[in-house]
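My questions all concern the structure below.
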Amino acid sequence: MWNHRTMASRIEDYALLSDLHTGALVGRDGSIDWLCFPRFDSPAVFTALLGNSDNGRWLIAPTHADAKVAHRSYRGRTFVLESEWQTPEGTARITDYMPVGDRRASIVRRIEGLSGNVEFGQTITMRPGYGKVLPWVRRVDDGNDTEAIVAVAGPDALVLRGDELPHAVDREHAGKFTVAAGARVEQELMWYPSHRPVPTAIDTDLALEQTCAYWEDWAARYNKDGKYASIVERSLLVLRALTHEDTGGIVAAPTTSLPEDFGGARNWDYRFCWLRDAALTLEAMLTHGYADEALKWRDWLLRAVAGDPEDLQIMYGLAGERDLSEGELSHLSGYEGALPVRIGNGAVGQYQADVVGEVMVALEKLRLAGGHEDHFSWPLQQAMLGFIEKNLQAKDHGIWEMRGDLLYFTHSRVMMWAAFDCGVRAVRNHGLEGRVELWESIREQLHAEIMEHGFNKELNTFTQTYGGKVTDASLLVIPQVGFVHYNSPEMRGTVTALENELVDKHGLILRYETSAGLDGLAPGEHPFLACSFWLVEQYAHTGRRDEAVALMDTLVGLANEVGLLSEEYDMDQGRMAGNFPQAFSHLALVRAADALHGTENLCLSSDPNSTVAETEPADILQT
């Protein structure tokens, strides 16, 4: 049958819809397989992505066996998805979008006939509670001789209204309809709290107009420039789409448990706000003129981490929630059988020593861009430096959230150095108050320690851990924060070691060698896209421009046809892996493109020790 499917589509076959509160994934086959209402981290009402169609989905597609999607794209610079279907009898377009700005948690699907007559089938299976709860469904009078379908389960209620509503068939609703050239069928599915009355119908034409206007106006603030301007623009839009409109919190991805290793257990919930990811997103936004978003993120940060610095977490909920306890959904079969399916994230209790450094670097760039510190923001940064000071000798879990033994990770120690480096400049260059002599002393102490224990002179490389003999892609961050120059002898040696140990035959780089067992999991994952973009940046800053461009072209070529990237990529199978779309991948893409564009007209000397001058961010904030 046209609507029969036992597993989810390939990750790259999905497109994202966003209303700045939550996101949905729509497959090329016309099925919405993932949707959490009303927030990114709410329980899903469509969970076929991590199970099967019985766990909830909304499919609208032509019934003809030879139907195919001839073209799929976002409308302009928006998240309004248009899919053009071709069949032997005619062509039609499905337009999917989530209204922005009206505080409705809803999805609109518009089907328009373009030529001939196209028969569509529809199946909608509403399953709140991550595909487990069977709701009470009834047809109600919607006024003006129209009906609506209402589904209620505990606190959640859904209402489906519009043309050609499906009918109850077993435990789902299904139906067929035909659209002729010039005809239109339209439906809206909306979530609302079950204790409230059924909301009124939406003006879909106005909602579409306002939604397109919002995204176009937001994107217009980006001054497109350079070879990769279009994919940078889409990446910035993705970062905005993953940012909660009200709180300013930025989720790492809108999904959970899409596997890093197909069939394996490297499956995590990314629907939360990592300080690291959010800080790097702030930098990307600042670089391209989105000062309001950067300030809103700073306000989110201040609220989230307010309190005792000793209680600092590496991640929070969208509104700053602290309890993100990890659990498993045993009723779901997992994406292509990858188990367990997790909600919540146990890494919330980890100590990751690099996080404060990323936050301090981002907030320094906000200062350099003209952002003023207030009575709250600078004291908080001082408190975070005090937190590092108290934990100066503590081992940590590292940037990759190792679930094995605590260690001294070189990247973490460098980011601690960077935090104090930013603190020193805040006092020396910006006139803020602080214990600058102490911070300078700790900074120098850390520098000497890192060079003694984190750099292996025999192997001529920085190492993953103190006293270790293997590398880690996070070492590519070391020059980004100014610890050494990109073209220093230490980094040249480190890049050589990385290329020998972690770069695959396609030029992409693994995060680390999983067979070492440091992460406490069975070995096996694919090249990490963010790290590969870091390698582009490293090449760009060291005169290896041809290699940088070649790798960048490979990486941007891995995006799907609507410009989205996952966390990792399996080059052998030619498919995406990990949660999707991934903020970390897109913000690293922006950095890499900026590095290539910034070095495009710079001529490096023949001296192998030459460096590319770094420029300060433009003054883009109101003073």
Are a donor atom and an acceptor atom from the side chains of Tyr486 and Glu537 found within less than 3.5 Å of each other?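 Side-chain D/A pair, Tyr486 to Glu537: present.
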Have Glu525 and Thr514 got a donor and an acceptor in their side chains that come within less than 3.5 Å?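 Checked: Glu525/Thr514 side chains show no N/O donor-acceptor pair below 3.5 Å.
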Please report the shortest heavy-atom distance between Phe580 and Ala253, naming the atom on each side.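 The answer is N-CB, 4.2 Å.
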Charged N to carboxylate O below 4.0 Å: is that the case for Asp421 and Arg425?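 Judged by the 4.0 Å cut-off on N to carboxylate O distance, Asp421 and Arg425 do form a salt bridge.
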I want to check a possible cation-pi pair here: Arg443 against Phe420, using under 6.0 Å from ring centre and within 45° of the ring axis as the test.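 Cation-pi check for Arg443 and Phe420: fails.
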If you apply the rule side chain to side chain contact (heavy atoms under 4.5 Å, CB included), what do you find for Leu50 with Leu258, and how did you get there? CA-CA 8 Å; Leu50 301 177; Leu258 290 180; 4.2 Å; yes
Using side chain to side chain contact (heavy atoms under 4.5 Å, CB included) as the criterion, point out the one residue from Ile478, Val484, Leu446, Val477 that pairs with Val414.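 Only match with Val414 under side chain to side chain contact (heavy atoms under 4.5 Å, CB included): Ile478.
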Does Glu567 come within less than 4.0 Å of Arg266, counting only side-chain N to carboxylate O?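 Result for this pair is no, no salt bridge flagged.
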Would Tyr228 and Asp594 count as a side-chain hydrogen bond (donor to acceptor under 3.5 Å, both in side chains) here? Give the steps. CA-CA 9 Å; Tyr228 303 103; Asp594 290 345; over 6 Å; no
Minimum heavy-atom separation for Arg322 to Val348, with atom names?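 Distance-wise, the nearest heavy atoms are O-CG2, 3.9 Å.
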If every non-hydrogen atom of Leu363 is compared with every non-hydrogen atom of Glu373, which pair is closest and at what distance?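 Residues Leu363 and Glu373, closest heavy atoms: O-OE2, 4.4 Å.
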Aromatic ring pairing Tyr270/Trp274, orientation class (parallel under 30°, perpendicular over 60°, tilted between):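 Judged by the thresholds at 30° and 60°, the geometry between Tyr270 and Trp274 is perpendicular.
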Shortest non-hydrogen contact between Leu565 and Leu555, atoms and distance: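 Minimum heavy-atom separation between Leu565 and Leu555: CD2-O, 4.1 Å.
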Does any donor atom in the side chain of Asn487 or Thr542 lie under 3.5 Å from an acceptor atom in the other side chain?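 Checked: Asn487/Thr542 side chains show no N/O donor-acceptor pair below 3.5 Å.
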Under a 4.0 Å N-O cut-off, is there an ion pair linking Glu458 with Lys469?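 Between Lys469 and Glu458 there is no salt bridge, as every charged N stays at least 4.0 Å from the carboxylate O atoms.
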With a 6.0 Å cut-off on the ring centroids, do Trp34 and Tyr14 count as close?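 Centroid separation for Trp34 and Tyr14: 6.0 Å or greater.
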Check ion pair Asp570-Arg10 (N to O, under 4.0 angstrom):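 A salt bridge is absent here (no side-chain N lies under 4.0 Å from a carboxylate O).
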Can you tell me if Tyr569 uses its side chain to pair, donor with acceptor, with the backbone of Ala577 under 3.5 Å?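 Side chain of Tyr569 to backbone of Ala577, a donor-acceptor pair under 3.5 Å: no, none is there.
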In terms of relative ring orientation, are Phe584 and Trp534 parallel, tilted or perpendicular, with 30° and 60° separating the classes?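 Phe584 and Trp534: perpendicular rings.
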Would you call the rings of Phe262 and His526 parallel, tilted or perpendicular, where under 30° means parallel and over 60° means perpendicular?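 Because their plane-to-plane angle lies in the 30° to 60° range, the rings of Phe262 and His526 count as tilted.
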Heavy atoms from other residues, nucleotides or ligands near CG of Asp504 exceed 12 (cutoff 6.0 Å):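 Correct, the count exceeds 12.
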For the residue pair Tyr408 and Glu449, confirm or rule out a side-chain donor-acceptor distance under 3.5 Å.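 Short answer, no.
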